[in-house]
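Worth knowing before you read on, the calculation uses all heavy atoms, side chains too, and leaves out hydrogens, waters and symmetry mates.
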Amino acid sequence: MMNSRFRLAGIAAALLLLVLLTGVAFADAEKTTFEWIEVGCAITPGQVWQSGNVLHVRDEVHTAIVLSDEPLLRGTNTIVSNVNLNLKNGTGTGYGTLRAELDAVDGAWEGRWSFQIEDGLFEGRAVSEGTGELRGKRLHSTFEQIPLSELDENPCPGAPVGAHAVRGVMLEPASN
């Protein structure tokens, strides 16, 4: 019993050290800011049910095109979405994962996101880690829904299903 407590404490300490070291690596990181537009092109329905006034959606898959002049961002984003929406007052929350495959770079952004819904409109945050050529980079972003009428172009094969403006900062650990 005592050995398993020490082992558990040792594992917890190692995990804490790893988190602290990761934070230190990004403390002096090179920071580059970006803005881009993401246009939703397709939705694959997931599980949907209603309890009372709340609509629940699980594992809905969105395919979006990222419009950006920056090659480190431009590509196709696959978003897995989970939402709880109060149909009576238009408020709710959402969360999920993302994987943005890039057009001009051998790599992707993989991460998690969450958002709040107010009056049927959403805004939120995402944190992504780079893979491939982006390994070691981290992308922190905020996003907000925008009207489709604000789009300068439609990159989708059909009518777009949604759009949002994104602002972010890419962190690249400082090399020592």
Side-chain angles (χ1 to χ4, degrees), residues 12 15-16 19 22-23 26 31-70 72-103 107-131 134 137-171:
L15 288 173
L16 179 61
V19 168
T22 302
F26 283 102
K31 298 174 177 88
T32 308
T33 58
F34 299 104
E35 292 184 8
W36 63 95
I37 300 291
E38 193 164 288
V39 182
C41 295
I43 298 174
T44 303
Q47 301 169 323
V48 179
W49 71 95
Q50 186 172 340
S51 11
N53 295 326
V54 179
L55 178 69
H56 303 277
V57 178
R58 295 294 179 270
D59 299 322
E60 185 173 83
V61 179
H62 297 246
T63 303
I65 303 297
V66 178
L67 302 175
S68 174
D69 293 334
E70 173 53 55
L72 297 180
L73 300 170
R74 191 174 49 251
T76 302
N77 195 1
T78 302
I79 304 149
V80 178
S81 181
N82 303 286
V83 178
N84 299 305
L85 175 64
N86 184 313
L87 298 171
K88 197 169 201 169
N89 63 20
T91 64
T93 59
Y95 63 94
T97 60
L98 65 90
R99 179 171 171 84
E101 297 281 341
L102 305 175
D103 295 341
W109 293 106
E110 294 182 346
R112 299 196 172 280
W113 59 269
S114 64
F115 65 75
Q116 297 291 318
I117 306 168
E118 294 287 331
D119 299 322
L121 300 174
F122 65 84
E123 61 181 52
R125 301 184 177 284
V127 176
S128 306
E129 300 286 334
T131 68
L134 300 174
K137 294 176 175 41
R138 184 179 288 173
L139 186 63
H140 291 252
S141 56
T142 60
F143 54 91
E144 63 184 347
Q145 186 174 350
I146 61 172
L148 292 174
S149 59
E150 290 185 15
L151 293 178
D152 292 334
E153 65 179 288
N154 174 14
C156 302
V161 294
H164 53 276
V166 187
R167 290 177 180 78
V169 60
M170 185 178 63
L171 305 172

Steps toward side-chain contact (heavy atoms from CB on, under 4.5 Å) verdict (L55, V83)
CA-CA 8 Å; L55 178 69; V83 178; over 6 Å; no
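Of all heavy-atom pairs between D103 and G75, the closest is OD1-CA, 3.5 Å. Across all non-hydrogen atoms, the minimal contact from N77 to A100 is OD1-N, 3.6 Å. Shortest non-hydrogen contact noted between A108 and L134 is O-CD1, 3.8 Å. In terms of heavy-atom proximity, A126 sits nearest to F143 at N-CE2, 4.3 Å. Counting all heavy atoms, side chain and backbone alike, N86 lies closest to K88 at OD1-N, 2.8 Å. For L151 against P160, the heavy-atom pair with the smallest separation is CD1-CG, 4.3 Å.
A donor-acceptor pair is defined here as one N or O able to donate and one able to accept, closer than 3.5 Å; no such pair exists between the side chain of T63 and the backbone of C41. Using a distance-only test at 3.5 Å, with no hydrogens or angles considered, a donor-acceptor pair links the side chain of W109 to the main chain of L72.
Atoms CD1 and OG1, from I65 and T76 in turn, are 3.5 Å apart once rounded to the nearest 0.5 Å. If you take OG1 on T91 and CG on N84, they are separated by 10.5 Å, rounding to the nearest 0.5 Å. If you take CG on D119 and CD1 on I117, they are separated by 11.0 Å, rounding to the nearest 0.5 Å. Atom NE2 of H164 and atom CD of E144 lie 10.0 Å apart (nearest 0.5 Å). The CZ atom of F122 sits 4.5 Å away from atom CD of Q145, with the distance rounded to the nearest 0.5 Å. The line from CD1 of I79 to CD of E38 is 4.5 Å long, rounded to the nearest 0.5 Å.
Residues W36 and R74 form no side-chain contact, since every pair of their non-hydrogen atoms from C-beta on lies 4.5 Å or further apart.
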